[in-house]
Amino acid sequence: MKFFLDTADVEQIKRALEWGILDGVTTNPTLISKTGRPFKEVVKEILEIVDGPVSLETVSLDAKGMIEEGRTLAKMGDNVVVKIPMTPEGMKAVRVLEAEGIPTNVTLVFSPVQALIAAKAGASYVSPFVGRVDDVSGEGMKLIREVKEIFMNYEIDTEIIVASVRHPMHVLEAALIGADICTMPFAVMEKLFKHPLTDKGIELFLKDWEKVPDRPF
Ligand code: E4P
């Protein structure tokens, strides 16, 4: 499973790149706005340091506007993926952009059939939002299981990005289901490394190492 960061914070992206486990980045208007920085400046920096796919979102509500915005975003870098909301207008835009060789990521997907529609429109990626489904007392991971089953039934190539991830259990379940990608906040990625027995084990080994005579270091 590929690990994406769901952020527009360049420092967080740099840290994840140093860990060597970052495969791509997803952004949205809220995440860009949280940086407090000019759009072009922050996106340029992200595209300079990330080799993998970087999703940038359109804001128009009509297909024409989304297509124009998508073309503008795609010109910013070879690895740009244009994020399009799951609406009928959005699916029109997906078909046009994909035909032009511009990869799309259909966002704000909350039902398995919406994911199927995105795939039928030709999207490269689809982003079901698990955390927001959980927030309204639904079962976010059930959505991923069903999307995966449908895509397997029809050998659909569209990659599933598990989005709106809130905790490491979402990441674990996404991997068990076999999702292609999990996009997560930096705080979640950081938590994936942690286990109390790892810390305890290191402490014990260091203590015992002190007792070893003639140590090379
Ligand atoms: C997906 O690409 C979105 O950017 C994101 O995962 C939304 O997450 P949120 O529900 O935490 O805002």
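In listed order, ligands and their atoms are each counted from 1.
The protein atom (non-hydrogen) at minimum distance from atom 5 (C) of ligand 1 is Asp6 OD2, 2.8 Å. If you check which protein heavy atom lies closest to atom 8 (O) of ligand 1, you get Ser164 CA, 3.4 Å. For atom 7 (C) of ligand 1, the nearest protein heavy atom (residue, atom name, distance) is Phe129 CE2, 3.6 Å. Of all protein heavy atoms, the one closest to atom 1 (C) of ligand 1 is Lys83 NZ, 3.4 Å. Looking only at protein heavy atoms, the nearest one to atom 12 (O) of ligand 1 is Arg132 NH2, 2.8 Å.
Not one N or O of Thr107 is nearer than 3.5 Å to an N or O of ligand 1, by distance alone. Ligand 1 has no nitrogen or oxygen under 3.5 angstrom from a nitrogen or oxygen of Thr27.
Within the 4.5 Å cutoff, no side-chain heavy atoms of Thr87 are placed close to those of Leu61.
The residues Lys64 and Glu89 are annotated as not salt-bridged, no charged nitrogen and carboxylate oxygen being separated by less than 4.0 angstrom. A salt bridge links Asp135 with Arg166; the closest basic N to acidic carboxylate O contact falls under 4.0 Å.
Side-chain N/O atoms of Thr26 and Ser55 include no donor and acceptor closer than 3.5 Å. Between the side chains of Glu98 and Ser124, at least one donor N or O lies within less than 3.5 Å of an accepting N or O.
Counting side-chain heavy-atom gaps under 4.5 Å among Ile, Leu, Val, Met, Phe, Trp and Tyr, the cluster of Val81 also holds Phe4, Tyr125, Ile161, Ile181.
Counting atoms of ligand 1 from 1 in the listed order, those under 4.0 Å from a heavy atom of Ala163 are 1 (C), 6 (O).
At a 4.0 Å cut-off, not a single heavy atom of Met184 sits close enough to ligand 1 to count as contact.
Taking the salt bridge (Lys or Arg N to Asp or Glu O under 4.0 Å) definition, one finds that Arg132 meets it with nothing, sequence neighbours left out.
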